[in-house]
Amino acid sequence: MNDSLRAISITENRNEDRWAELSLPLRSVIMVVSNTVTREVWWMSDAFVTAIANVVSAQTDLSPAEVEELIETPPSSEMGDYAVPCFALARKWRKPPAAIAAELAAKIAPSEYLAKVENAGPYLNFFVNKRCLAEETLKRVATEGARYGTSNVGAGKTVVIDFSHPNIAKPFGIHHLRSTVIGNALRNVYRALGYHVVGINHLGDWGTQFGKLLAAWQRWGTGELTEDISVATLLQLYVRIHDEIENDPAVEEEARAWFRRLEQGDPEARRMWEVCRNVSLKEFNRVYEMLGITFESVAGESFYQDKIHDTLQRLQDKGLTTVSEGATIVDLKPWGMPPFIARRRDDASLYATRDLAAAEYRWSTYHFDKMLYVVDVAQSLHFQQLFKVLELMGYEWHARCAHVVFGRMLGLSTREGKVIFLEDVLNHSIELARKMVEEKNPDLPNKDEVAQQVGIGAVIFADLKRGRIKDYVFDWEEVLNPFGDTGPYLQYTHARFCSILRKAAQPVVMGGVDYARLSEAETVALIKAIAAFPRAVQQAARDYEPSIVSRALLDIADKANKFYEKHQVIGVEETTFHARLLLVDCTRQVLANGLRLLGIAAPEEM
RNA sequence: GCACCCGUAGCUCAAUGGGAUAGAGCGUUGGCCUCCGGAGCCAAAGGCUGCGUGUUCGAAUCACGCCGGGUGCGCCA
C-alpha cells in the first residue's frame, strides 16, 4: 500500500481482535447457554461411526462416546475408511498399542456396516460396506435436496453479524471485499444451520471525516452540495482537504467545528451529510446487487448518535470512567491495554463510543447468542478493548461477542492514491468470463447472465478459498485465471454434471437403485467427499471460517472430475447407469448447495 | 519499546480437536478428446514445515526463547 492510499485508509473502519482467546470462552459459553448443542455436534455421527463406537466399546472398557472421540480418518483410503488409534488404551492396559490393535482386530467380527477390520501397527482400521455407504449418503442427499448440509442446531438462536461496513463518501474499494464476502458466507452458513441471522451493515457514516468533507466543500465547492455529485468527486475533496491539513493544521480545527455542528444537529451540516450518504448508498447498492448480498439491517454509525448519551451515562454511573487530559476514558491498564476513550476533549463522540452504544442496542434488540464482527486484523486492539469494557459494565453477554479477524489485502497495484473500485474488479472479471463463454459455448442463450455469474463467482471464491486470517495477496492473474482451484472450476464441474443429466434424458430414480454398483475407488471417493459436506458446514460455523466449505467443495469437484474421467454414465448397462445417474444428480446437488452458501451462483450451463 | 497475527514446494495455500508416507492449485516438463463439456484428467520434478530447546509413545500442530514479515499502541475510523 503506498503512502497516498495509506493516508486515505486512516479512516478505514472496523477490524480485529484476539480471536484465539475469544473463540474458546465463546464456545464454552454457547454450550452452557444451550443444552441442545454439545460437543458431538461437531463430530461426524453417521451410522458407521456409531457402529464402530459400539463394537469397540463392547471389547474394551471404553464407553461408545469415548471411542467416538478417538475415531479418525486414515491418511489413505487403502488403509481403511475409519481408524481407532490404540495409544490411549495402551497406556491404560500397559501393553504395546500394536498388540492391542491386533487383538481387537481379531475379536471384532465383520457386520453389515463394517465389512472388514484389520490392524496396521497401533491402528485399528475399519473398512465400511461400500454399498451401505453409497446408500446412506445418496439417499440422504436425494431426499434432502437443497436442504442437504443444513440442520437445525441453531433453531431458536440468534446470531448478529456485523460485516461489510463501507465508509460513506468513499468508494466501495477492493479492500471491502473481504469483510463483505466472508460476512455474507457466514450469514448463509448460520442460516443453513437454523439460526436466526441478523446481518448488519454498520456503515461508516459518521465521524470527523465528515467534518473534513463539509469543510472541503465550503472551501472549494461551488453552490449547493447536491446529489448529482459523484463519489469520486467526494473522494477528491477528501484527499485534497487531507493534504491541506497536513500543510496547515489549523484547517483541522475547521473540520472539527463542522463535525461538531453535525453532531449538534445543525440543519445545513445535516443536509450536506445526507447528500453524501445518499450518493454513496446508491453506489454501494449497485455493488451489493452484483454480489447478491442483502442485509437485515443497515444501521450505520449515525444510527447510534442519539444513543451514545445514555451509554456514556451508564459508563459513568458504573464508576468506570475517569477524565484524563480532558477526555473521558475507561482505564484498562490492569488488563495491559491502553485506555478506552469514550468521549473526546471537545465532547464529540468517537468510533469506540458508537461501537459501545451499538453493542448495547443490539443486545437489547436481538438478545443474540452470538455477535460477530467481521473486521480486519488492524482493529484487534479496538475490539479487545470494546469487549473488556462490556465485561466491566457487567454484561454477561460480552463473552458472546467475537471478532472474526481476517488478514489485510495486499499486493494491490495502486497508482498514485488511486483506490481500486470493487465494481471495476468485478466488471473486469465479468468481461473475462464473457470472452471465455463466447469461446467455449457460443450458442448459450443467456451468455450475459452466465458471464456475470462466473465473473463474480471467481472474485468471491478467490477470497473465500483461503483461511481468513492470512493477509490476502490480491493477484489479478490468480483471480481471473479460470483454471485450477477456482470458482469457475466448481461452476464448470456443476455444469458438466448438469449436462450429463440433460443428455441422459431420463428421470433420476432412487427406488430400486443397486448401490453395490457404486464401489469403484473413484466412485467411493466421490461419495465420501459428498458425505463429508454437512460436517464441513458445521465446522465453518464453529470456526467462523467459510474456507472450510470452499475446500470441501474443491474436494468434491476434484473427486467428481476423476469419477467422470474414469466411468461412463450414459450408455452403460442399465443397472449401473441408474446408480451412476443418481450419483451424478447428488453431486450436482451438493455443489449447488455449497456454492449457494458461499454466495456464488451455480449456472447449469456455461 | 510493548502487544497481537503470520512464517509449510519457486508462488498462493491445505494438512480432519497432537497421529500412519506433509497434500493441492499456479508455474515448469511430458502425456490424454472416433467416447457423457479438455474451464477437465494422468504423470514428472519440486520440502531440514524459519531456527533452537522442551512436553509427549508420537509435534507442521502444544510451551518457552530467538530470527524474519505484517499490524496496532489516548482523543482517526
Side-chain angles (χ1 to χ4, degrees), chain A residues 9-21 39 42-44 69 72-76 79 83 85 87 90-91 96-97 120-123 125 165 167 204 206-209 301 324-329 336-346 348 350-352 354-355 376-382 384 405 407-408 410 436-437 439-441 454 465-467 469-473 475 477-478 481-486 488-489 491-493 495-504 532 535-536 539 547-548 551 554-555 558 561-562 564-566 568-572 584 605-606:
Chain A
S9 67
I10 284 171
T11 45
E12 281 327 321
N13 47 30
R14 329 235 96 197
N15 264 312
E16 131 68 290
D17 155 356
R18 302 217 18 152
W19 146 256
E21 236 176 62
R39 189 177 167 189
W42 312 122
W43 269 102
M44 34 189 170
E69 302 260 312
E72 46 190 64
T73 311
S76 154
M79 301 177 188
F87 302 105
R91 185 170 321 172
Y123 291 91
N125 289 339
H165 39 64
N167 294 318
W206 206 252
T208 322
Q209 50 182 338
E301 294 186 61
S324 166
E325 299 171 32
T328 304
I329 67 162
M337 286 184 267
F340 179 92
I341 301 176
R343 186 162 56 180
R344 244 163 46 178
R345 185 176 29 210
D346 65 358
L350 288 153
Y351 176 67
R354 297 187 286 272
D355 254 353
D376 91 63
V377 65
Q379 286 188 61
S380 288
L381 181 58
H382 166 70
Q384 237 177 297
V405 196
R408 292 164 48 89
L410 308 171
M436 200 73 183
V437 173
E439 183 189 323
K440 301 283 179 184
N441 205 347
V454 174
K465 79 170 172 182
R466 69 196 80 218
I469 193 68
K470 297 199 178 187
D471 287 343
Y472 174 15
V473 180
D475 179 0
E477 232 177 283
E478 186 202 322
N481 182 359
F483 309 105
D485 287 351
T486 63
Y489 172 65
Q491 291 170 318
Y492 169 76
T493 307
R496 207 181 194 190
F497 276 56
C498 285
S499 171
I500 298 176
L501 291 170
R502 273 197 308 275
K503 294 233 163 74
R535 189 172 175 231
Q539 284 180 324
S547 70
I548 294 175
R551 265 182 262 120
L554 285 172
D555 190 46
D558 175 52
N561 281 307
K562 288 182 162 106
Y564 178 94
E565 213 64 39
K566 194 97 181 202
Q568 184 75 19
V569 177
I570 294 169
V572 299
V584 166
E605 291 181 79
M606 61 188 273

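Just so you know, these numbers use all the heavy atoms, side chains as well, and skip hydrogens, waters and symmetry mates. Proteins come first, then strands; the chains are lettered A, B, ... in the order of their sequence lines, and each starts at number 1.
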Interatomic distance at [atom1], [N] relative to [M], whole Å:
N      : M      : atom1 : result
C67(B) : G58(B) : C1'   : 28 Å
A20(B) : U16(B) : C1'   : 14 Å
C6(B)  : A15(B) : P     : 13 Å
A22(B) : A60(B) : C1'   : 8 Å
A77(B) : U56(B) : C1'   : 47 Å
U49(B) : A9(B)  : C1'   : 10 Å
C26(B) : U21(B) : C1'   : 25 Å
C41(B) : A24(B) : P     : 12 Å

Chi-angle category of C32(B) [syn within 90° of 0, anti beyond]: anti
Counting only side-chain nitrogens and oxygens, does [X] get under 4.0 Å of the OP1 or OP2 atom of [N]?
X         : N      : result
Lys470(A) : A14(B) : yes
Thr208(A) : A77(B) : yes
Arg551(A) : A15(B) : yes
Arg354(A) : A77(B) : yes

Can you tell me the distance, in whole Å, between the [atom1] atom of [X] and the [atom2] atom of [N]?
X         : N      : atom1 : atom2 : result
Gln384(A) : G72(B) : CD    : C1'   : 10 Å
Phe87(A)  : U55(B) : CZ    : P     : 19 Å
Ile469(A) : U71(B) : CD1   : P     : 14 Å
Glu72(A)  : G58(B) : CD    : P     : 17 Å

Across the strands shown, which category fits [X] at heavy-atom distances under 4.0 angstrom: base, sugar-phosphate, nothing?
X         : answer
Pro74(A)  : base
Arg466(A) : sugar-phosphate
Gly326(A) : nothing
Asp555(A) : nothing
Thr493(A) : nothing
Ala90(A)  : nothing
Val437(A) : base
Gly121(A) : nothing
Gln491(A) : nothing
Phe483(A) : sugar-phosphate
Pro482(A) : base
Glu477(A) : nothing
Met606(A) : base

Give the nucleotide from the list [options] with an atom nearest to the side chain of [X].
X         : options                : value
Asn481(A) : U16(B), U71(B), C26(B) : C26(B)
Ala83(A)  : C73(B), A77(B), A20(B) : A20(B)
Gln568(A) : G37(B), C35(B), A20(B) : C35(B)
Ser499(A) : G70(B), C36(B), A20(B) : C36(B)
Ile329(A) : G74(B), U12(B), C36(B) : G74(B)
Glu325(A) : A77(B), C36(B), G74(B) : G74(B)
Ala495(A) : G37(B), C6(B), C73(B)  : G37(B)
Tyr564(A) : A77(B), C36(B), C6(B)  : C36(B)
Pro75(A)  : G37(B), C36(B), A20(B) : A20(B)

Under the 3.5 Å Watson-Crick or G-U criterion, the dot-bracket string of RNA chain B, with | for inter-strand pairs: (((((((..((((.....[...)))).(((((.......))))).....(((((..]....))))))))))))....
base_contact_polar (A14(B) base, Asp485(A) side chain, donor-acceptor, <3.5 Å): no
Sidechain N-carboxylate O distance under 4.0 Å for Arg551(A), Asp555(A): no
Non-hydrogen side-chain atoms of Asn441(A) and Met606(A) separated by less than 4.5 Å: no
Test item: Lys465(A) and Asp485(A) side chains (from C-beta on) under 4.5 Å apart, heavy atoms: yes
Any donor-acceptor pair under 3.5 Å from Asp471(A) side chain to Arg408(A) backbone: yes
Short side-chain to backbone donor-acceptor contact, Thr486(A) and Tyr489(A), under 3.5 Å: yes
Tyr492(A) versus Asn561(A), side-chain donor and acceptor atoms under 3.5 Å: no
For the student: nearest non-hydrogen atoms of Arg466(A) and Ser547(A), plus distance: O-CB, 3.4 Å
Atom pair OG/CD of Ser499(A) and Glu605(A) - distance to nearest 0.5 Å: 7.5 Å
Spacing of Met436(A) atom CE and Phe483(A) atom CZ [to the nearest 0.5 Å]: 4.0 Å
Can you give me the N/O atom pairs linking the protein to nucleotides 41-46 of chain B at distances under 3.5 Å, or say none if there are none?
from   : atom 1 : to        : atom 2 : distance (Å)
C41(B) : OP1    : Tyr489(A) : OH     : 3.0
C41(B) : O4'    : Glu565(A) : OE1    : 3.2

